[in-house]
Amino acid sequence: MSAHDHAPHDHAGAQDQGHGHDHGPGGHSHGVAADADRRWLGISLGLIVGFMAVEVVVGVVAQSLALISDAAHMLTDAVSIVLALIAMRLAARPARGGFTYGLKRAEILSAQANGLTLLLLAVWLAYEAVRRLLDPPAVEGGLVLVTALVGIVVNIVAAWCISKANRTSLAVEGAYQHILNDLFAFIGTAVAGLIVLTTGFRQADSIASLVVVVLMVKAGYGLVRESGRILLEAAPAHVDPDAVGDRLVGQPPVTEVHDLHIWTITSGQAALSAHVLVAPEGDCHAVRRDLEAVLAKEYGITHTTLQVDHAQDSLLTVGRGPGEDAGDPHCADAHGPVHRQGPHTH
């Protein structure tokens with residue numbers, strides 16, 4: 001028995017409407033409310049690009065690597081916002097042709113590219129900071145201090161703008177974290193400028209640069225790790241597939257759950273598929289509805305595909321030759337652990 005019965009529908013009409021659709025209890029929307037988000041991201045982008053250009057000029061004049069590294073960090077902020085804007089537009093396109101999920105993974109690719117860029121840039125800035133730490137040039141502390149203070153204000157406004165957008169998107173959240181880290185970096189640069197101005201300790205500028213490097217590595221690693229999990233089809237970090245399987249098989253009259261797969265389509269959209277066997281007297285359709293309700297309520301998973309069948313001797317031998325062990329009731333090549341009632345291994 002199939003998990004879902006679909007009535008005939010018009011593909012063109014559904015695409016033209018451009019709306020999301022619900023799946024089972026507590027359904028979800030695939031659409032992206034991008035208009036408001038694009039406006040806030042656009043304002044942030046304008047602020048960052050404008051100040052970044054000024055900061056590069058001042059950094060060169062003041063011979064401050066801290067300001068130049070801050071500007072480089074702001075460049076990655078700008079790139080992350082541009083990628084987020086592109087990804088939002090692509091993700092809003094309806095699924096068609098060979099792209100059965102649409103282009104929702106575009107934001108994950110943008111987050112991955114953004115994280116890798118951060119890490120590569122951090123390597124270069126770390127090298128320059130160490131070189132200047134050993135042989136510090138003359139730094140105009142006053143220019144560094146004033147520019148950093150202005151940068152703090154610009155980043156506060158930019159971070160506030162992005163906070164108004166939909167931060168469930170990994171690309172948008174990545175841009176927000178970038179700007180937040182940049183704000184902390186500007187605070188460090190302002191402190192370095194004050195130290196250089198009042199004490200003449202020129203190494204403070206390079207030390208502030210190394211602080212920026214640490215923040216860039218932290219943000220870059222986080223983006224690469226999270227986007228990598230999604231691209232590798234890993235289960236969401238907060239969901240334990242073994243626990244989910246045990247929970248489903250504990251729902252009467254389910255006797256077994258196997259071929260259980262949990263993955264993330266894009267930020268905030270987890271999906272699940274599984275083959276479920278029920279006792280011969282069980283109602284497959286009722287069981288499917290009950291399991292969908294459990295997944296939606298307890299795990300927030302509403303995009304589900306459940307193949308529900310009665311546990312019969314004929315089914316238990318599918319894919320097996322005469323005399324072969326029928327331990328896997330679905331196919332010859334098992335996909336993950338088999339969950340049964342009572343104690344069992346994972």
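- Counting heavy atoms from C-beta outward, Val276 and Glu256 have side chains that stay 4.5 Å or more apart.
- The side-chain heavy atoms of Leu277 and His275, taken from C-beta on, include a pair separated by under 4.5 Å.
- For Val123, there are no side chain to side chain contact (heavy atoms under 4.5 Å, CB included) partners two or more places apart in sequence or in a different chain.
- A side-chain donor from one of Thr266 and Glu107 sits under 3.5 Å from a side-chain acceptor of the other.
- Taking the ring pair (Phe, Tyr, Trp, His ring centres under 6.0 Å) definition, one finds that Phe51 meets it with Phe186, sequence neighbours left out.
- Pro241 pairs by the side chain to side chain contact (heavy atoms under 4.5 Å, CB included) definition with Ala235, Ile262, not counting sequence neighbours.
- The salt bridge (charged side-chain N to carboxylate O under 4.0 Å, His left out) analysis of residues 218-238, with sequence neighbours excluded, yields the pairs Arg105-Glu233.
- Between Ala111 and Leu223 the shortest heavy-atom distance is O-CB, 3.8 Å.
- Rounding to the nearest 0.5 Å places CD1 of Ile207 at 7.5 Å from CD1 of Ile195.
- Checked by atom type and distance alone, the side chain of Thr305 never pairs as donor or acceptor with a backbone atom of Ser273 at under 3.5 Å.
- From Ile156, atom CD1 reaches atom CG of Leu47 across 12.5 Å, with rounding to the nearest 0.5 Å.
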Notebook entry, point to check: Do Asp77 and Tyr176 pass the side-chain contact (heavy atoms from CB on, under 4.5 Å) test, and can you show the C-alpha distance, the side-chain angles, and the key distance before you say yes or no?
Noted result: CA-CA 8 Å; Asp77 294 344; Tyr176 177 75; over 6 Å; no
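- Scanning all heavy atoms of the two residues, the minimum distance from Val144 to Gly193 falls at CG1-CA, 3.8 Å.
- Annotation: the span from His285 atom NE2 to Asp290 atom CG amounts to 13.0 Å, rounded to 0.5 Å.
- Gly220 approaches Leu118 most closely through the heavy-atom pair N-CD1, 3.7 Å.
- Side-chain contact between Val244 and Tyr299 is present, with heavy atoms from C-beta onward closer than 4.5 Å.
- Clustering ILVMFWY residues whenever any of their side-chain heavy atoms sit less than 4.5 angstrom apart, transitively, puts Met52 in the very cluster that holds Ile187.
- A continuous path of ILVMFWY side-chain contacts below 4.5 Å connects Leu75 to Ile43, so both sit in one hydrophobic cluster.
- In this structure Val217 satisfies the side chain to side chain contact (heavy atoms under 4.5 Å, CB included) test together with Leu119, Ala122, Val213, sequence neighbours excluded.
- Every side chain to side chain contact (heavy atoms under 4.5 Å, CB included) that Val49 has, sequence neighbours left out, goes to Leu45, Ala78.
- Scanning all heavy atoms of the two residues, the minimum distance from Ser44 to Ala158 falls at OG-O, 3.0 Å.
- Evaluation of the salt bridge (charged side-chain N to carboxylate O under 4.0 Å, His left out) test over residues 118-136, restricted to residues two or more places apart or in two chains, returns Glu128-Arg131.
- Distance check, rounded to the nearest 0.5 Å: CG of Leu120 to CE of Met216 gives 9.5 Å.
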Check: Passes side-chain contact (heavy atoms from CB on, under 4.5 Å), Val58 versus Val54? Steps please.
Finding: CA-CA 6 Å; Val58 176; Val54 174; 4.2 Å; yes
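- Pairs of residues two or more places apart, or lying in two chains, that qualify as ring pair (Phe, Tyr, Trp, His ring centres under 6.0 Å) and include a residue from residues 136-162 are Trp40-Trp160.
- Scanning for side chain to side chain donor-acceptor pair (under 3.5 Å) contacts around Gln112 gives Ser227, with sequence neighbours left out.
- Within the structure, the side-chain hydrogen bond (donor to acceptor under 3.5 Å, both in side chains) test picks out the following pairs touching residues 188-214 (sequence neighbours left out): Ser64-Asp205, Asp70-Thr189.
- The closest side-chain heavy-atom distance from Val249 to Thr255 is not below 4.5 Å.
- Val214 places none of its side-chain heavy atoms less than 4.5 Å from the side chain of Leu210.
- For the pair Ala190 and Leu149, the tightest heavy-atom approach, listed with the atom from each and the gap, is CB-CD2, 4.3 Å.
- Ile301 contributes atom CD1, which lies 12.0 Å from atom CG of Leu291 (distance to the nearest 0.5 angstrom).
- At least one side-chain heavy atom of His310 sits under 4.5 Å from a side-chain heavy atom of Val278.
- In this structure, CZ on Arg38 lies 14.5 Å from CD1 on Ile81, to the nearest 0.5 angstrom.
- Looking at Gln269 and Lys104, their side chains come closer than 4.5 Å, going by heavy atoms from C-beta outward.
- A search for side chain to side chain donor-acceptor pair (under 3.5 Å) contacts involving Thr264 returns nothing, not counting sequence neighbours.
- In terms of heavy-atom proximity, Ala270 sits nearest to Pro236 at CB-CG, 3.9 Å.
- Applying the side chain to side chain donor-acceptor pair (under 3.5 Å) rule to Arg93 yields no partners; only residues at least two apart in sequence or on another chain are considered.
- Side-chain heavy atoms closer than 4.5 Å link hydrophobic residues (I, L, V, M, F, W, Y) into clusters, and following such links, even through other members, never connects Val150 to Val60.
- Counting heavy atoms from C-beta on, the side chains of Asp309 and Gln307 come closer than 4.5 Å.
- Panel note: side chain His339, backbone Leu248; no donor-acceptor pair is recorded below 3.5 Å.
- No single ILVMFWY cluster, assembled from side-chain heavy atoms under 4.5 Å apart, contains both Leu121 and Met74.
- When hydrophobic clusters are built by joining Ile, Leu, Val, Met, Phe, Trp and Tyr residues whose side-chain heavy atoms come closer than 4.5 Å, directly or via intermediates, Leu125 is not grouped with Val56.
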